[in-house]
Amino acid sequence: MEQAIQNEVVSMPRIGDKAPSFKAVTTQGEINFLAITQVNGQSFLATRQTLLLFVLLNL
Amino acid sequence: MTFATMEKQFNDANCQLVGLSIDGLYSHIAWLRTIKEKIEYKGMKNVEVNFPLIEDIKMDVAKMYGMIQPNEDSTKAVRAVFFVDPKGIIRTIIYYPLSLGRNFDELYRVLIALQTADEFGIATPADWRPGDDVIVPPAGSCGTAKDRMDGKEKNVKCYDWFFCTKPISKDDVMKAVLKKK
């Protein structure tokens with residue numbers, strides 16, 4: 001089991017890489033990350049000069 | 001909680017926050033309600049999280065972003081921060097172990113420094129804060145190097161031909177960064 005977990009390590013993104021895109025459910029509706037144009041009425045990418053900070057929060 | 005209290009400050013600097021946690025949507029909602037209604041911590045209370053919080057119970061996104069680091073914990077995401085620019089390019093990555101809280105002042109400094117570097121075509125030195133001198137790109141020719149060393153480039157101070165700085169006022173930095181809104 002432990003070996004299986006060790007083997008499950010996925011590659012980590014690097015600075016300069018295109019951020020991995022994904023679709024997900026959020027507390028404010030669905031998002032299509034990096035294809036986002038609007039979430040909850042707010043624009044994310046491409047529609048303005050927005051620097052998007054994507055931060056992981058831990059419960 | 002801390003990030004939620006700083007959300008407007010980050011928004012004002014052209015930044016949209018997105019959170020992620022390895023848990024289900026209803027747990028997220030319950031957690032956000034608890035934060036707003038019950039938690040008082042370090043002077044923060046009635047804190048409302050207005051940015052989207054991604055549910056990631058299958059850890060799909062967390063794995064995609066390298067947040068699951070089995071030697072730290074195979075079922076919890078390490079604390080991580082990714083700055084993604086408007087072109088979708090990752091500009092900064094910061095990982096912390098589970099036991100180490102993030103420094104949100106540093107995250108704001110990163111946000112301002114990234115945009116300052118883009119706006120002015122410079123680099124920022126260690127511990128840079130808006131108003132501190134910035135590093136100008138190395139001279140691309142012998143002529144430029146000589147001009148710099150001879151003091152012909154206005155406001156540029158050279159410590160050697162390859163290491164020169166110039167001042168940019170805090171006002172200029174903040175004007176440039178905040179002007180995009």
Side-chain angles (χ1 to χ4, degrees), chain A, chain B residues 3 10-11 13-23 25 27-29 31-32 49-56 60-71 74 76-93 95 98 102 107 110-111 114-115 118 180-181:
Chain A
M1 178 64 181
E2 192 176 332
Q3 187 60 44
I5 290 169
Q6 293 289 335
N7 291 339
E8 204 180 311
V9 176
V10 293
S11 63
M12 295 161 69
R14 292 168 296 191
I15 291 172
D17 286 355
K18 188 90 175 168
S21 58
F22 59 86
K23 289 181 183 175
V25 173
T26 80
T27 49
Q28 299 189 12
E30 287 192 5
I31 63 169
N32 188 351
F33 191 76
L34 292 190
I36 295 171
T37 51
Q38 294 226 314
V39 168
N40 201 29
Q42 286 188 314
S43 300
F44 277 74
L45 294 172
T47 54
R48 64 174 182 163
Q49 285 293 310
T50 300
L51 190 76
L52 179 64
L53 168 59
F54 171 38
V55 59
L56 173 69
L57 301 173
N58 297 72
L59 283 173
Chain B
F3 229 157
F10 278 78
N11 286 166
N14 314 301
C15 177
Q16 175 65 54
L17 305 177
V18 179
L20 180 149
S21 182
I22 295 174
D23 222 328
L25 183 63
S27 296
H28 284 4
I29 292 169
W31 179 56
L32 298 185
V49 176
N50 293 311
F51 53 86
L53 184 57
I54 295 165
E55 77 149 6
D56 193 28
D60 292 336
V61 179
K63 286 177 182 171
M64 198 182 291
Y65 276 80
M67 295 167 180
I68 304 299
Q69 304 193 8
N71 288 330
S74 59
K76 291 178 186 163
V78 297
R79 303 176 198 225
V81 183
F82 298 86
F83 290 81
V84 180
D85 74 12
K87 292 176 181 167
I89 302 298
I90 296 174
R91 300 290 300 275
T92 299
I93 301 172
Y95 288 110
L98 288 164
R102 284 165 281 231
L107 300 184
V110 170
L111 178 65
L114 285 173
Q115 293 180 89
D118 285 355
K180 296 172 187 168
K181 284 186 72 69

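Reminder, nothing fancy here: chain letters follow the sequence lines and each chain counts from 1. All of these numbers come straight from a predicted model, not from anything done at the bench.
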Do the non-hydrogen side-chain atoms of [X] and [Y] ever get within less than 4.5 Å of each other?
{"X": "A:Thr27", "Y": "B:Leu25", "result": "yes"}
{"X": "B:Leu53", "Y": "A:Thr26", "result": "no"}
{"X": "B:Ile89", "Y": "A:Lys18", "result": "yes"}

Determine the minimum heavy-atom distance between A:Pro20 and B:Tyr65, stating which atoms define it. O-OH, 2.6 Å
Nearest heavy-atom neighbours spanning B:Gly66 and A:Pro13: N-CD, 4.0 Å
Qualifying residue, where the test is side-chain contact (heavy atoms from CB on, under 4.5 Å) with A:Met12 and the options are B:Met64, B:Met67, B:Gln69: B:Gln69
